[in-house]
Protein chains: 2
Amino acid sequence: MTTAKKAAPPSERRADLIRHAADLFAEKGFRATTVREIADAAGILSGSLYHHFDSKESIGDEILREFLDDVLAGYREAAAGTQDPRVAIERMVRSSTAALSRHRAALTMLQNDWAYFSAQKRFAYLRAAMREIELNWIAQLERGKQDGHFRADLDARLIYRLLRDILWIPTSWKQARGKSWKTDEIVDGLLRLLFDGITAR
Amino acid sequence: MTTAKKAAPPSERRADLIRHAADLFAEKGFRATTVREIADAAGILSGSLYHHFDSKESIGDEILREFLDDVLAGYREAAAGTQDPRVAIERMVRSSTAALSRHRAALTMLQNDWAYFSAQKRFAYLRAAMREIELNWIAQLERGKQDGHFRADLDARLIYRLLRDILWIPTSWKQARGKSWKTDEIVDGLLRLLFDGITAR
DNA sequence: CCTACTTGCCCAAACGCTTGCTCGGTCCTA
DNA sequence: TAGGACCGAGCAAGCGTTTGGGCAAGTAGG
C-alpha cells in the first residue's frame with residue numbers, strides 16, 4: 001500500500017492534521033465528524049484542509065490503510081517461527097490488541113461506517129483485507145483442531161467471527177468512566193476466557 | 001416507561017411507520033438515516049411524518065424504550081425460580097439474544113449513536129437502564145464465585161463488559177453474506193465458549 | 001546586500017447540496 | 001361536515017468543497 005498516484009507529499013503538518021482527524025474519528029466515527037471540527041482541532045479554517053487533502057475521504061483512506069498494513073504484518077510475525085497453533089493464536093490476539101490500540105480511529109470507522117465505506121469502490125481493498133485476516137485465523141484454528149489441541153467440534157469460522165468482534169471490544173473502552181482496566185489485564189482475562197471459560201475446575 | 005406526556009396516540013399507521021424506521025435504523029444507524037428515507041420506505045413524503053411524530057428523535061426514543069423494557073423484563077424472569085447462577089446466566093444469555101433479535105434497530109442505535117444519544121438529557125434514561133442491566137449480571141457472577149461454581153479469581157465487572165458486548169455481536173450478523181448460522185447455533189457456540197473455552201480435554 | 005520569484009500554508013467568502021422540520025391546503029372517509 | 005392522513009413547497013442550518021488571494025520563509029541572480 002504505497003502512497004497514492006498523485007497527492008500525498010508526506011509533510012510534517014499533514015501528518016499532524018491526520019492525527020487530529022483520527023482523534024475525532026475515534027470518538028465519533030467518520031461520517032459524524034465534520035471537516036470543520038477537524039479544522040478547529042488543528043486551529044485552522046475548514047477550507048485550508050484542502051491544501052493538504054483532496055477530500056475528507058482521503059484522510060479516512062490513509063488511516064484505514066495504515067491500520068490494515070499494521071495488522072497483517074503482525075499476523076505474519078505471529079505465524080512465523082512456531083508450529084503450535086495455541087502459540088500462534090495467542091500471538092495473534094496480542095498483536096491484534098496492540099494494533100487496535102494504535103489505530104483506534106480505524107476501529108471506530110470500521111464499526112460505525114462500514115456500510116458507508118464498503119459501498120464505495122474506492123474502498124474495495126477493505127473487503128479484501130478483511131478476507132485475508134479471516135483466512136489467517138481460520139488457518140490456525142483448523143490446525144489446532146487437526147492436531148488435537150482444540151475441540152474437534154468447534155466451527156472455526158464461527159469462532160473466528162466471535163473472536164474478531166470480541167477483540168474489537170476492549171479498544172472501544174479506552175475512555176471508560178470510573179475504573180478502567182489495563183490492557184494487559186483485559187487481554188489476559190480474554191485469553192483465559194477463550195481457552196478455559198469461566199467455570200471452576 | 002409509559003407513553004410520553006403529550007404525543008403518541010397509538011394508531012395502526014403510526015406503528016407501521018415505526019417499523020419502517022426501525023428497519024432502516026437497524027441497517028444504517030440513527031444519524032445516518034434520513035427522514036426522507038423513512039418516508040420513502042413508507043410511501044409518503046417526508047413532511048407527512050410530522051403528522052405522526054413531533055421529531056425524528058421521538059421515533060428513536062420509542063424504539064429504545066421498548067427494547068430496554070423488554071430486556072429488563074427478561075432478566076427478572078431469568079432470576080426468578082432458580083438459585084443456581086449458572087442456570088440464571090444461561091437464561092439471561094438466551095433472553096438477551098432473543099430480545100436483541102427482536103429489536104435489532106435498538107442495538108445498532110446503541111452501538112453507532114451512543115455518543116449522540118447519551119449526550120442529551122432527553123435520553124438520560126439510557127444510562128440508568130444500562131446501569132441496571134449491569135447490576136443484574138454482576139449479581140449473578142458474584143453469586144457464582146461465592147458458591148464455587150465460577151473461578152474465584154474472575155473480575156465480575158470485566159467479564160460482564162466482555163459478555164455484554166459479545167452478546168451484541170451475533171445480532172449484527174443477521175444479513176451476513178454467504179453462510180449464516182442459526183441463532184441457536186450461535187448461542188450454543190457462545191455458551192460453550194463461555195463455560196468451557198476452546199481447549200480440548 | 002538587495003531584489004525577484006517560488007513555495008508552503010493559510011484566510012475569507014462563498015458555492016451547491018442535503019438535512020430536519022414547518023405550514024397552508026387538499027383529499028378521503030365516516 | 002368534521003377530522004385524520006397526506007401533499008407540495010419551502011425554510012434555515014449545516015454539510016463538503018472551491019476559489020482567489022495574502023503572507024512569511026527560502027533561493028537564486030545581479
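Every chain is numbered from 1 and lettered A, B, ... according to where its sequence line falls, protein lines coming before strand lines. Note that the coordinates shown come from a computational prediction; the quantities given were computed from them, not determined experimentally.
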Original post:
With the threshold set at 4.0 Å, does a side-chain nitrogen-carboxylate oxygen contact exist between Arg104(A) and Glu27(A)?
Top reply: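 Salt bridge between Arg104(A) and Glu27(A), a charged N being under 4.0 Å from a carboxylate O: no.
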Subject >> Note, Leu24(B) side chain near Thr34(B) side chain (heavy atom, < 4.5 Å) >> reply: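 They are not in side-chain contact.
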Original post:
Is the closest side-chain heavy-atom distance between Ile166(B) and Asp165(A) below 4.5 Å?
Top reply: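 They are not in side-chain contact.
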Quickly work out the [X] [atom1] to [N] [atom2] distance and round it to whole Å.
| X | N | atom1 | atom2 | value |
| --- | --- | --- | --- | --- |
| Glu37(B) | dT18(C) | CD | P | 12 Å |
| Asp113(A) | dG16(D) | CG | P | 12 Å |
| Leu49(B) | dG4(D) | CG | P | 18 Å |
| Lys56(A) | dT18(D) | NZ | C1' | 17 Å |
| Asp40(A) | dC10(C) | CG | C1' | 14 Å |
| Ile44(A) | dA13(C) | CD1 | P | 17 Å |
| Leu17(B) | dG4(D) | CG | P | 16 Å |

When you measure from the side-chain N and O atoms of [X] to the phosphate of [N], is any distance below 4.0 Å, counting only OP1 and OP2?
| X | N | result |
| --- | --- | --- |
| Thr34(B) | dT19(C) | yes |
| His52(B) | dG4(D) | no |
| Ser48(B) | dC7(D) | yes |
| His51(B) | dA5(D) | yes |
| Arg31(B) | dT19(C) | no |
| Arg14(A) | dG8(C) | no |

**OP:** Would you mind telling me which of dA14(C), dC21(C), dC6(D) lies closest to the side-chain atoms of Tyr50(B)?
**Re:**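 The listed nucleotide nearest to Tyr50(B)'s side chain is dC21(C).
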**OP:** Consider the side chain of Ser55(A), meaning its heavy atoms from C-beta on, and name the nucleotide among dT17(D), dC10(C), dG20(C) that approaches it most closely.
**Re:**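 Nearest to the side chain of Ser55(A) among the choices is dT17(D).
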**OP:** Pick base, sugar-phosphate or nothing for Leu45(A), based on heavy-atom distances below 4.0 Å to the nucleic acid.
**Re:**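 It contacts base atoms.
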Original post:
Under 3.5 Å, is there an N or O donor on one side and an acceptor on the other linking the side chain of Ser46(B) and the base of dC21(C)?
Top reply: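 A donor-acceptor contact between them is present.
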Original post:
So does Arg36(A) reach the base of dG14(D) with its side chain, donor to acceptor, closer than 3.5 Å?
Top reply: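 Flag unset: no donor-acceptor pair detected.
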Original post:
Is it the case that Lys28(A) places NZ or CZ above or below the six-membered ring of Tyr116(B), under 6.0 angstrom from the centre and within 45 degrees of the axis?
Top reply: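 No, Lys28(A) does not lie over the aromatic ring of Tyr116(B).
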Original post:
Is there a donor-acceptor pair closer than 3.5 Å between any side-chain N or O of Lys56(B) and the backbone N or O of Val35(B)?
Top reply: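 Checking the backbone N and O of Val35(B) against the side chain of Lys56(B), no donor-acceptor pair under 3.5 Å is found.
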